[in-house]
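A short worksheet on the structure shown next.
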Amino acid sequence: MKKLLIVANWKMNPERLTQAKLLFNSVKQGIKKIRNTRPNRNQRFSNRVEVVICPPFVYLSALKANGAQDCFWENKGAYTGEISPLMLKDIGVKYVLIGHSERRARGETFEMINKKIKAVLKVGLKPILCIDKLSQIPKDIQGNYILAYEPVFAIGTGKPCSVERSKKMRKNADNNFVLYGGSVNSQNAKDYIEKAGFQGLLIGGASLNSKEFLRIIKNVAI
Ligand code: PGA
C-alpha cells in the first residue's frame with residue numbers, strides 16, 4: 001500500500017467564506033464516505049491517501065484547513081501584509097506551498113523561495129516546493145521537503161503534461177517524494193501515480209469542484 005498526498009490549491013477562490021465552507025465540508029464528508037466504503041466486498045483500497053487543502057489565508061482559521069499557499073520567511077516583525085510560518089503552525093497548518101509558478105511570475109525569486117523553504121522547515125511545517133525545471137531545486141536545503149513538478153504550460157490550461165514526459169522529470173528529481181500538478185482531472189489522475197510513479201498530485205481547477213475532486217481521490221485510492 002502506497003502513501004499518496006493529494007493537495008488542493010484553491011488559489012484565490014472561492015469569492016466568499018460561505019462558499020469556502022460549503023466546498024470544504026462537502027469534500028470532508030465525501031472523504032469520510034470514501035474511507036467507509038470498500039471498492040469491493042472483502043477488498044481494501046490499494047493506496048492510503050492523505051488530503052491537504054490550501055485555501056486563501058483568510059479562510060484558514062474558519063475552515064481549520066491543513067495547507068497554505070505561501071508564507072513569509074521571518075516569524076514576526078515589520079513586514080506589512082506578510083504571514084509567518086509560525087502563525088500558520090499556530091492555527092494548525094501542516095503543509096505550505098512554496099514557489100508556485102504564479103508567484104514566480106509576479107517576482108518571487110529563487111533566493112526568496114530558498115529562504116521560505118528554510119523558514120518553513122525550521123518551525124516544523126512541511127514545504128511543498130513547486131518547480132517547472134530541475135534547476136529550480138535549491139542545493140543547500142537540509143531537511144525533507146516535498147517537490148511538486150508543475151510544467152507551466154500545463155497549469156490551468158486543460159493541457160496536461162504527457163505521462164512519458166512527466167515520468168522522465170520524476171526520475172530525474174533528486175527527491176523521493178514528488179507530486180505532479182497541471183490540469184489534473186479524474187480521467188488522468190491515476191496515470192500520474194501508476195504509470196509515471198508520482199507519490200501524489202497538486203490540483204488547482206479540479207479541486208474547486210467537490211464531486212470531481214472526490215472522484216480523483218477515489219480513483220487514486222483504489
Ligand atoms: P490546475 O492548477 O490543476 O488548475 O492546472 C495546478 C496548480 O496551479 O497547482
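Computed from heavy atoms alone, side chains included, the values below leave out hydrogens, waters and symmetry copies. Atoms within each ligand, like the ligands themselves, are counted from 1 in listed order.
- Residues Phe110 and Ile137 do not share a hydrophobic cluster, defined by chaining ILVMFWY side chains whose heavy atoms lie under 4.5 Å apart.
- Relative orientation of the Tyr192 and Phe198 rings is perpendicular, given thresholds of 30° and 60° on the angle between their planes.
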Listed pairs under 3.5 Å, donor-acceptor, residues 2-10 side chains, sequence neighbours left out:
{"residue": "Lys3", "atom": "NZ", "partner": "Glu50", "partner atom": "OE1", "Å": "3.1"}
{"residue": "Asn9", "atom": "OD1", "partner": "Lys11", "partner atom": "N", "Å": "3.1"}

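- Met112 forms part of a hydrophobic cluster together with Phe72, Trp73, Tyr79, judged by ILVMFWY side-chain heavy-atom separations under 4.5 Å.
- Note on residues 21-33: pairs passing side chain to side chain donor-acceptor pair (under 3.5 Å), not counting sequence neighbours, are Ser26-Ser210.
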Mind listing the N or O contacts between ligand 1 and protein, cut-off under 3.5 Å?
{"residue": "ligand 1", "atom": "2 (O)", "partner": "Lys11", "partner atom": "NZ", "Å": "3.3"}
{"residue": "ligand 1", "atom": "3 (O)", "partner": "Gly204", "partner atom": "N", "Å": "2.8"}
{"residue": "ligand 1", "atom": "4 (O)", "partner": "Gly205", "partner atom": "N", "Å": "2.8"}
{"residue": "ligand 1", "atom": "5 (O)", "partner": "Gly156", "partner atom": "N", "Å": "2.7"}
{"residue": "ligand 1", "atom": "5 (O)", "partner": "Ser183", "partner atom": "N", "Å": "2.7"}
{"residue": "ligand 1", "atom": "8 (O)", "partner": "Lys11", "partner atom": "NZ", "Å": "2.7"}
{"residue": "ligand 1", "atom": "8 (O)", "partner": "His100", "partner atom": "NE2", "Å": "2.7"}
{"residue": "ligand 1", "atom": "9 (O)", "partner": "His100", "partner atom": "NE2", "Å": "3.2"}
{"residue": "ligand 1", "atom": "9 (O)", "partner": "Glu150", "partner atom": "OE1", "Å": "3.3"}
{"residue": "ligand 1", "atom": "9 (O)", "partner": "Glu150", "partner atom": "OE2", "Å": "2.7"}

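- Not one N or O on the side chain of Asp191 forms a donor-acceptor pair closer than 3.5 Å with the backbone of Asn188.
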